[in-house]
Amino acid sequence: MTQVFKTRITEDFGIEHPIIQGGMMWVSQPELVAAVSNAGGFGILTALTFETAEGLANAIARTRDLTDKPFGVNVTFLPTLIPKDYGSLIDVIVDEGIGIVETAGRNPEPYLEHIKKGGARVVHKCTSVRFAKKAESIGCDYVSIDGCECAGHPGEEDITSLVLIPATVDAVNIPIIASGGFADARGLVAALALGAEAMNMGTRFVATQEAAAHDNVKQWYVDASETDTMYVMRSLRNTERVLRNPIAEKVVELEGQGAGIAELAPLVSGKNGLRVLEDGDIDVGLMTAGQCVGLVRDVPTVKELIDTIIGEAQQIVGARLAGMTA
Ligand code: NAD
């Protein structure tokens with residue numbers, strides 16, 4: 001599909017469409033990332049998924065085998081049960097000449113000089129206007145602003161995308177990527193109308209043919225409605241939005257009894273989440289999803305999804321909105 005929307009992000013990233021696939025633990029594997037980039041969007045690998053420097057280097061090589069289009073790498077600095085060697089993962093990102101790095105979870109300042117050593121530009125994913133201003137002040141090049149509808153870690157302030165995106169656009173000068181709650185053409189047009197230069201989707205990409213998720217998980221996404229997600233780990237100030245299941249309910253019950261991370265670890269561990277994704281047993285761990293899971297109704301290929309979104313967005317702008325203009 002030829003280019004329909006030209007924005008500061010499509011120009012800077014060298015992509016056709018302002019659609020970014022956000023870094024998702026375990027799911028953002030080379031096949032998905034390359035499919036997004038090949039379809040004209042921007043795919044992002046998640047460094048922590050590959051655990052070691054060698055694993056990440058291999059994933060970058062595999063992605064390059066599958067696409068000659070640009071793609072990025074996410075590095076998330078959230079608390080983990082097992083300490084991560086961020087330095088060696090960032091060495092790989094620099095050595096491999098990755099052009100766009102998505103940081104998330106915590107102020108990336110301690111790592112920024114290292115990441116930018118090879119010339120990479122940094123998208124910092126944040127959940128408040130305050131953090132977005134900080135990201136701009138320390139030299140991040142873009143902000144991906146995440147409304148609390150999002151999957152995974154929405155922060156602690158519960159501001160929805162409808163307010164958070166324009167508030168951030170008003171507060172910073174660097175280009176904004178709209179994240180949290182986006183799953184279709186209506187979301188794309190809304191994101192651009194709110195002042196963003198691209199939309200970021202995670203949840204919607206899990207239910208695609210190329211995503212590294214068991215068919216049961218994809219079907220779970222198709223079946224779930226917008227009311228089927230819930231917060232866990234709010235008592236630890238590390239809130240995570242997940243699909244409701246017995247494990248999530250148990251975590252919240254234990255939190256109510258004052259449980260700390262040591263007690264919760266056997267339930268919240270990412271290794272259990274990996275079992276959900278690989279084995280399709282949807283009750284053995286936590287599975288993140290945003291509220292927009294209620295808008296996921298099929299499991300298309302990535303190209304079908306992106307072409308549909310761009311085609312429908314063009315219709316919304318060129319016919320529906322244009323027809324409303326007096
Ligand atoms: P993990 O198994 O190390 O931890 C499981 C969960 O417990 C995570 O949400 C983690 O943040 C939380 N946690 C761990 N130690 C904690 C502590 N001391 N205090 C409070 N909370 C604590 O995590 P994982 O599944 O291997 O994921 C690795 C990292 O990637 C984590 O930081 C996780 O939050 C993050 N993550 C990123 C994405 C993404 O899309 N980029 C998605 C899921 C998880």
Side-chain angles (χ1 to χ4, degrees), residues 20-29 32-33 36 43-52 55-56 59 71-86 89-90 93 100-108 111 122-127 144 146-147 149-156 177 179-180 182 200-206 211-213 217 221 229-243 247-248 250-252 254-255 258-278 284-290 292-293:
I20 296 171
Q21 165 257 307
M24 293 174 280
M25 194 66 190
W26 315 119
V27 177
S28 303
Q29 300 278 350
L32 175 63
V33 171
V36 173
I44 301 183
L45 291 169
T46 306
L48 293 184
T49 294
F50 308 102
E51 292 187 6
T52 62
L56 177 59
F71 63 92
V73 176
N74 164 289
V75 191
T76 296
F77 305 110
L78 281 165
T80 52
L81 296 174
I82 301 164
K84 306 289 178 186
D85 182 1
Y86 291 108
L89 293 172
I90 294 170
I93 289 169
I100 301 281
V101 177
E102 180 187 69
T103 56
R106 175 154 48 88
N107 180 348
Y111 300 96
V122 173
V123 179
H124 186 54
K125 199 155 193 218
C126 32
T127 55
S144 183
D146 221 0
E149 305 94 320
C150 70
H153 297 270
E156 309 303 322
I177 297 161
S179 195
F182 296 98
N200 178 89
M201 301 195 299
T203 298
R204 175 63 267 201
F205 279 120
V206 176
V217 173
Y221 272 52
T229 71
M230 61 185 280
Y231 284 159
V232 294
M233 293 192 286
R234 176 134 280 188
S235 64
L236 305 181
R237 290 193 62 76
N238 186 23
T239 304
E240 189 166 19
R241 185 184 292 286
V242 298
L243 276 168
I247 300 276
K250 186 70 188 169
V251 170
V252 171
L254 291 174
E255 288 185 80
I261 186 65
E263 228 176 305
L264 299 177
L267 296 174
V268 302
S269 165
K271 300 288 178 218
N272 298 340
L274 182 59
R275 283 176 57 205
V276 175
L277 281 165
E278 285 185 343
V284 300
L286 297 178
M287 184 66 220
T288 60
C292 67
V293 74

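Whatever order the structure lists ligands and atoms in, that order sets their numbers, starting from 1.
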Does some non-hydrogen atom of [X] fall short of 4.0 Å from ligand 1?
{"X": "Gly23", "value": "yes"}
{"X": "Ile261", "value": "yes"}
{"X": "Gly273", "value": "no"}
{"X": "Arg237", "value": "no"}

Among protein heavy atoms, which lies nearest [atom], and at what distance?
{"atom": "atom 33 (C) of ligand 1", "result": "His153 NE2, 4.1 Å"}
{"atom": "atom 42 (C) of ligand 1", "result": "Met25 CB, 3.4 Å"}
{"atom": "atom 13 (N) of ligand 1", "result": "Pro79 O, 3.7 Å"}
{"atom": "atom 8 (C) of ligand 1", "result": "Met233 CE, 4.2 Å"}
{"atom": "atom 23 (O) of ligand 1", "result": "Gly270 N, 4.3 Å"}
{"atom": "atom 3 (O) of ligand 1", "result": "Leu81 N, 2.7 Å"}

### Message
Under a 4.0 angstrom heavy-atom cut-off, which atoms of ligand 1 come close to Leu48?
### Response
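In order of numbering, the contacting atoms are 28 (C), 29 (C), 30 (O).
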### Message
So if I count the atoms of ligand 1 from 1 in the order they appear, which ones are less than 4.0 Å from some heavy atom of Glu240?
### Response
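Those atoms are 9 (O).
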Heavy-atom pairs closer than 4.0 Å: do any link ligand 1 to the side chain of [X], the backbone, both, or neither?
{"X": "Asn238", "answer": "side chain"}
{"X": "Val268", "answer": "both"}
{"X": "Thr76", "answer": "side chain"}
{"X": "Leu78", "answer": "both"}

### Query
Is there a donor in the side chain of Thr49 and an acceptor in the side chain of Gln29, or the other way round, less than 3.5 Å apart?
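Checked: Thr49/Gln29 side chains show no N/O donor-acceptor pair below 3.5 Å.
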Counting distance only, does the side-chain N/O of [X] pair as donor-acceptor with the main-chain N or O of [Y] below 3.5 Å?
{"X": "Thr288", "Y": "Ala151", "answer": "no"}
{"X": "Thr46", "Y": "Met24", "answer": "yes"}
{"X": "Asn272", "Y": "Pro266", "answer": "yes"}
{"X": "Arg241", "Y": "Cys150", "answer": "yes"}
{"X": "His124", "Y": "Glu102", "answer": "no"}
{"X": "Gln21", "Y": "Val36", "answer": "no"}

### Task
Return the set of residues passing side chain to side chain contact (heavy atoms under 4.5 Å, CB included) with Val284 (not counting sequence neighbours), or none when no residue passes.
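Listed in chain order: Arg275, Val276, Asp281.
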### Query
Taking C-beta and beyond as the side chain, do Tyr231 and Pro154 meet within less than 4.5 Å on heavy atoms?
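Answer yes - side chains close enough.
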### Message
By the definition side chain to side chain contact (heavy atoms under 4.5 Å, CB included), identify the one residue from Met230, Arg234, Met233 that meets it with Glu240.
### Response
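Between Glu240 and the candidates, side chain to side chain contact (heavy atoms under 4.5 Å, CB included) is satisfied uniquely by Met233.
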